[in-house]
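Step one of this worksheet: look at the structure below.
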Amino acid sequence: MTTVAYQGEPGSNSATAARALYPDALELPCTGFEQALDAVALGDADLAVIPVDNSAAGRVADVHHLLPESGLYIVGEYFLAIRFDLMGVAGATLDQVECVRSHVHALGQCRKLLREGGWRTLVCDDTAGAAREVAELGDVRHAALAPPAAAGLHGLDVLRAGVEDDPDNTTRFVVLSRQAASAPDPGQPTMTSLFFSVRNIPSALYKALGGFATGGVNLTKIESYQIGAGLNASRFYVEAEGHPDEQRVALALEELRFFSSEVRVLGVYPAHPHRLKG
């Protein structure tokens, strides 16, 4: 049976994404992203389902620093609509709340509610863990921002439902494996993810990416990361629409390699249907 690792506790958004993708799999909750990736690398899990960015809060920075060193491959992606409820111990009321606990990203995605309430906030490791902590405290002054499933798991009352700032709030997850997946056939909607470091020459980034522009290859994401303490070495993460076997993508990658000191294709995988909306 397939074992899927994720960061967080049962009832978290990562758990929801993992279950949606692999409903019959064994779940392996992990305390952090690094532990989830290590579980796959060491063979304790077959796959990891990891969030990489959110439509409201932006990228999950820790993940992008961990991915290139993990030795794992992206084999799929999934977009999850994010919903948060404000929940407290049984019998609590909204006017009794003084402190709200949650993951830092959840707090950032529910700013309107927090400003309205004027509550003190506490950062927790994950959203479902915040709900568990509130249940363990048994104090009506403490509430949690967590996915709806966490309330039932921990016997909490929902004080206010659907409190996320953006009703279209969405998190993108990637699925990671020790082996690269068989790439989709060219012509099907496909994503290619890669890391690269440019050579230390003038206009290196412009030249490295020139092939994508010339070939009309759409880059849906490009992000930079500093390597070490130096000011010259930067690593870039890129997501491109297309298959490496397509001529236009192959030529763009050839040009990228010419102007780069390092290129690593992290995965070639089917584009999720969410990308085709609107």
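Atom set for the values below is all heavy atoms of this structure, side chains included, hydrogens, waters and symmetry mates excluded.
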**Study point:** Atom CZ of R19 with >12 non-hydrogen neighbours under 6.0 angstrom
**Key:** no

Check your understanding: Can W119 be reached from L122 by stepping across I, L, V, M, F, W or Y side chains whose heavy atoms are under 4.5 Å apart?
Key -> no

Check your understanding: So do the side chains of V198 and F196 get within less than 4.5 Å of each other, counting heavy atoms only?
Key -> yes

Check your understanding: Heavy-atom distance under 4.5 Å between the side chains of P29 and E9, does that happen here?
Key -> no

Practice item. Answer yes or no for R199 and F258: cation-pi contact, defined as NZ/CZ to six-membered ring centre under 6.0 Å and angle to ring axis within 45°. Key: yes

Practice item. Apply side-chain contact (heavy atoms from CB on, under 4.5 Å) to the pair T31 and D125, showing each step before the final yes or no. Key: CA-CA 8 Å; T31 56; D125 289 337; 5.8 Å; no

Point to revise | Chi angles and distances behind the side-chain contact (heavy atoms from CB on, under 4.5 Å) call for D44, T3 | key: CA-CA 8 Å; D44 296 326; T3 299; over 6 Å; no

Review point. Within a strict 4.5 Å, meaning less than it, do heavy atoms of the Y6 and S12 side chains meet?
Key: yes

Check your understanding: Quick one: does H154's side chain have a donor or acceptor within less than 3.5 Å of a partner on L156's backbone?
Key -> no

Practice item. Would you check if Y73 and R264 make a side-chain contact, meaning some heavy-atom pair closer than 4.5 Å? Key: yes

Study note, to complete from the structure: Distance col, row E98:CD vs R120:CZ, nearest 0.5 angstrom, shows 7.5 Å

Review point. Taking C-beta and beyond as the side chain, do F195 and L266 meet within less than 4.5 Å on heavy atoms?
Key: yes

Check your understanding: Does P148 reach the side chain of V158, with side-chain heavy atoms less than 4.5 Å apart?
Key -> no

Point to revise | Donor-acceptor side-chain pairing of N169 and Q109 below 3.5 angstrom | key: yes

Review point. How long is the span from the CG atom in L72 to the CD atom in Q179, to the nearest 0.5 Å?
Key: 9.5 Å

Revision key, fill the gap. Heavy-atom nearest pair, F84 first then C110, reads CD1-SG, 3.7 Å

Check your understanding: Which atom names give the shortest non-hydrogen contact between A106 and L145, and what distance separates them?
Key -> O-CD1, 4.3 Å

Check your understanding: So do M87 and V134 actually touch side chain to side chain, heavy atoms under 4.5 Å?
Key -> no

**Study point:** V175 with I74, same ILVMFWY side-chain cluster at under 4.5 Å
**Key:** no

Check your understanding: Would you say D157's side chain and L159's backbone share a donor-acceptor pair under 3.5 angstrom?
Key -> no

Practice item. Test side-chain contact (heavy atoms from CB on, under 4.5 Å) on I222 and L209 and set out the steps. Key: CA-CA 10 Å; I222 176 169; L209 297 178; 3.3 Å; yes

Review point. Given the rule that I, L, V, M, F, W and Y join up when any side-chain heavy atoms are under 4.5 Å apart, are L80 and V163 in one cluster?
Key: yes

**Study point:** Any donor-acceptor pair under 3.5 Å from T214 side chain to G211 backbone
**Key:** no

Check your understanding: Could E223 and K221 be called an ion pair, given the rule that one side-chain N must be under 4.0 Å from one carboxylate O?
Key -> yes

Review point. Okay, side chain of S261, backbone of S197: is any donor-acceptor separation there less than 3.5 Å?
Key: yes

Check your understanding: Is the backbone of P147 close enough, under 3.5 Å, to the side chain of D85 for a donor and an acceptor to pair up by distance?
Key -> no

Check your understanding: Do L47 and L21 come close enough that some side-chain heavy atom pair is under 4.5 Å?
Key -> no

Check your understanding: When rounded to the nearest 0.5 angstrom, what distance separates CD in E255 from NZ in K207?
Key -> 10.5 Å

Review point. Which atom names give the shortest non-hydrogen contact between G11 and A15, and what distance separates them?
Key: N-CB, 3.9 Å

Check your understanding: Should the ring pair H274 and F79 be called parallel, tilted or perpendicular, given that the plane angle runs from 0 to 90° and is split at 30 and 60?
Key -> parallel

Review point. Is any NZ, NE, NH1 or NH2 atom of the basic residue among E69 and R235 found under 4.0 Å from an Asp or Glu carboxylate oxygen of the other?
Key: yes

**Study point:** Gap between atom CG of L42 and atom CD of Q35 - 0.5 Å precision
**Key:** 11.0 Å

Point to revise | Hphob cluster co-occupancy, I82 + L107, side-chain heavy atoms under 4.5 angstrom | key: yes

Practice item. Using atom types as modelled and distance alone, determine if a side-chain donor or acceptor of R248 lies under 3.5 Å from a backbone N or O of G216. Key: yes

Review point. Do the side chains of Y237 and M191 join up, straight or via other hydrophobic residues, at under 4.5 Å, putting them in one cluster?
Key: yes

Practice item. Let me see the working for E239 and E77 under side-chain contact (heavy atoms from CB on, under 4.5 Å), right down to the final yes or no. Key: CA-CA 12 Å; E239 292 178 354; E77 65 175 357; 5.6 Å; no

Exercise for review: Using modelled atom types only, decide if a donor and an acceptor are shared between the side chain of D126 and the backbone of A128 within a distance under 3.5 Å.
Suggested key: yes

**Study point:** Basic-acidic side-chain contact under 4.0 Å: R275, E241
**Key:** no

**Study point:** Pairwise distance CD(E133) to CG(D139) - rounded to 0.5 angstrom
**Key:** 13.0 Å

Check your understanding: Out of curiosity, F33 CZ to L66 CG, how far, rounded to the nearest 0.5 Å?
Key -> 8.5 Å

